[in-house]
Amino acid sequence: MSKEVKNVEYGLEKIFEGAQDFLPLLGTDYVEFYVGNAKQSAHFYKTAFGFQSYAYKGLETGCRDYTSYVLSQDKIRIVLTTPLNSKSPINEHLAKHGDGVKVIALWVEDARKSFEETTKRGARPFMEPMVEKDEHGEVVRSGIYTYGETVHIFVERKNYKGVFLPGFRSWKSDYNPTPTGLKFIDHMVGNVGWGEMNKTVKWYEEVMGFVNFLSFDDKQIHTEYSALMSKVMSNGNGRIKFPINEPAEGKKKSQIEEYIDFYESAGVQHLAVATDDIVNTVKELRARGVEFLSAPPKSYYEEIPKRLGVHMKMMKEDMNVLEKLAIMIDADEDGYLLQIFTKPLEDRPTLFFEIIQRMGAKGFGAGNFKALFESIEREQEKRGTL
Ligand code: FE2
């Protein structure tokens, strides 16, 4: 595992020893979901999560095969895409996986070089470098496959001044629910099948130049019934973090295996979105109908002062409020973090969101894994998939 070079705010500088420089990433550009009905999904993400109407592509803009709605909230951009006829290859993806994340797009300086460097190191091409133009300039995009049928698209937009991408127009709507305080994507987690985690970790190291900076084995991540393993991959500047999960043997079925069964391949398990006021964000999301996993038991909250140790003094949030909202707390040597997980956002128990507020801590809530998984198991039990 790589160790952090210095304790700095994540910037462009390299903070992880061992990370390779051949693929400089400026940040997450957008995340694209393939969905069965993008119009209705867009309404859901606007209403429930406070995303804003941002850009649109479809019949009215001359696109005959699919429709895409782009929603934004602070630095987050999600794209919801649906096919407009039975011939679109998007249908196969939908039939197999249901609604889910197809594209994790990464913002780069040079999309041609990103394609060349990654395919040369063994990445399977998804999209050869392609130049798209309109009156606002040009964007170069290229893409490679990662785990399952998920892809990374490299987006070079330094010569573009339009709203999103050529082909899209700005989307103005009369319906504009207020934002809920979501700021940026903190990390995105991939679930892979039995025996695939180390292969995927190696792929991120060799093809993308990432480093593995945190690992959890099934001895650390288990409950009485189920287990999983996880390794966190990061690019050199720490802006892009992809934890990778694999199921592990337990008395009952791992939640990762349940995901793989229903998504029918490896895929994105959750998007963690950051807020700087989780109490108000979660109150707002709950009021708008977002469903969260059930609260950990009372004993969990009673043990928090002990678990937080010196960081307890820093804590500004009222523990009773956190408990009432079912927000979980964890700490590491650098500080603490607050987090909560939604229930799956589709009927298949696949993709969900995490809401996270970091108060110095750089971890992923390892101290919460047990309570979290027990909560997920209660849901699995109801679904008959434990
Ligand atoms: Fe997470």
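Numbering of ligands and ligand atoms starts at 1, following listing order.
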Original post:
Sequence neighbours excluded, which residues qualify as salt bridge (charged side-chain N to carboxylate O under 4.0 Å, His left out) partners of Lys343?
Top reply: Glu379
Subject >> Partners passing ring pair (Phe, Tyr, Trp, His ring centres under 6.0 Å) against Phe373 (at least two apart in sequence or in another chain) >> reply: Phe369
Original post:
Strictly under 6.0 Å, is that where the ring centroids of Tyr69 and His43 end up?
Top reply: no
Subject >> Glu117/Arg121 salt bridge by N-O under 4.0 Å criterion >> reply: yes
Subject >> Listed partners of Asn280 passing side chain to side chain contact (heavy atoms under 4.5 Å, CB included), at least two apart >> reply: Asp277, Lys283
Subject >> Around the Fe ion (ligand 1), number of protein N/O/S atoms which are nearer than 2.8 Å >> reply: 3
Original post:
Hey, mind stepping through Tyr147 and Phe242 against ring pair (Phe, Tyr, Trp, His ring centres under 6.0 Å) and telling me if it holds?
Top reply: CA-CA 12 Å; Tyr147 45 79; Phe242 295 144; 7.7 Å; no
